[in-house]
Amino acid sequence: MFDFDQYLGFLAFLAILTIGFWLMIFLLTFVIPYWIGGALMERLKEMREERKAKREAETA
């Protein structure tokens, strides 16, 4: 069915496909939500600081 070099190529293809699959699962379930959550928290902190600075400027 396969020559030895074709067999090695097929195994390399399966290994790369499997690594890509698990990398995509990892990115979609951990990295991207972590990135989005961190960006939202940072933006909320900036908005709070802007409001605080505006309030202090009005009272001064």
Side-chain angles (χ1 to χ4, degrees):
M1 182 175 149
F2 280 136
D3 290 336
F4 185 69
D5 57 342
Q6 289 177 324
Y7 179 70
L8 287 179
F10 181 68
L11 286 179
F13 170 74
L14 285 181
I16 292 168
L17 183 75
T18 304
I19 290 168
F21 172 76
W22 288 114
L23 178 64
M24 191 61 75
I25 294 295
F26 172 72
L27 287 173
L28 289 175
T29 58
F30 178 72
V31 174
I32 293 175
Y34 183 78
W35 182 22
I36 292 172
L40 286 174
M41 286 175 50
E42 190 70 26
R43 181 65 185 134
L44 288 173
K45 191 189 309 181
E46 289 174 3
M47 288 170 55
R48 254 185 261 129
E49 289 173 0
E50 287 173 8
R51 266 188 279 146
K52 185 178 178 183
K54 187 184 286 187
R55 259 186 273 137
E56 289 176 0
E58 288 174 356
T59 57

Quiz item: Residues in salt bridge (Lys or Arg N to Asp or Glu O under 4.0 Å) with Glu46, at least two apart?
Solution: Arg43
Quiz item: Same cluster or not: are Met1 and Leu8 linked, directly or through other Ile, Leu, Val, Met, Phe, Trp or Tyr residues, by side-chain heavy atoms under 4.5 angstrom apart?
Solution: no
Exercise. Indicate if Tyr7 and Phe13 have the same hydrophobic cluster label, given that clusters are the connected sets of ILVMFWY residues with side-chain heavy-atom separations under 4.5 angstrom.
Key: yes
Quiz item: If you measure from CG on Leu17 to CZ on Phe10, what distance do you get to the nearest 0.5 Å?
Solution: 9.5 Å
Quiz item: Take atom OH in Tyr34; do more than 12 heavy atoms of anything else shown fall under 6.0 Å from it?
Solution: no
Quiz item: Do the side chains of Ile36 and Leu28 join up, straight or via other hydrophobic residues, at under 4.5 Å, putting them in one cluster?
Solution: yes
Quiz item: Can you tell me how far the CG atom of Leu23 sits from the OG1 atom of Thr18, to the nearest 0.5 Å?
Solution: 12.0 Å
Quiz item: Taking the hydrophobic residues Ile, Leu, Val, Met, Phe, Trp and Tyr, and joining any pair whose side-chain heavy atoms are under 4.5 Å apart, which ones share a cluster with Ile19?
Solution: none
Self-check item: hydrophobic_cluster_shared for Ile32 and Leu40, side chain cutoff 4.5 Å
Solution: yes
Exercise. For residues Glu58 and Lys54, determine if any side-chain heavy atom of one lies less than 4.5 Å from a side-chain heavy atom of the other.
Key: yes
Exercise. State the CG-CH2 distance between Leu27 and Trp22, to the nearest 0.5 angstrom.
Key: 13.0 Å
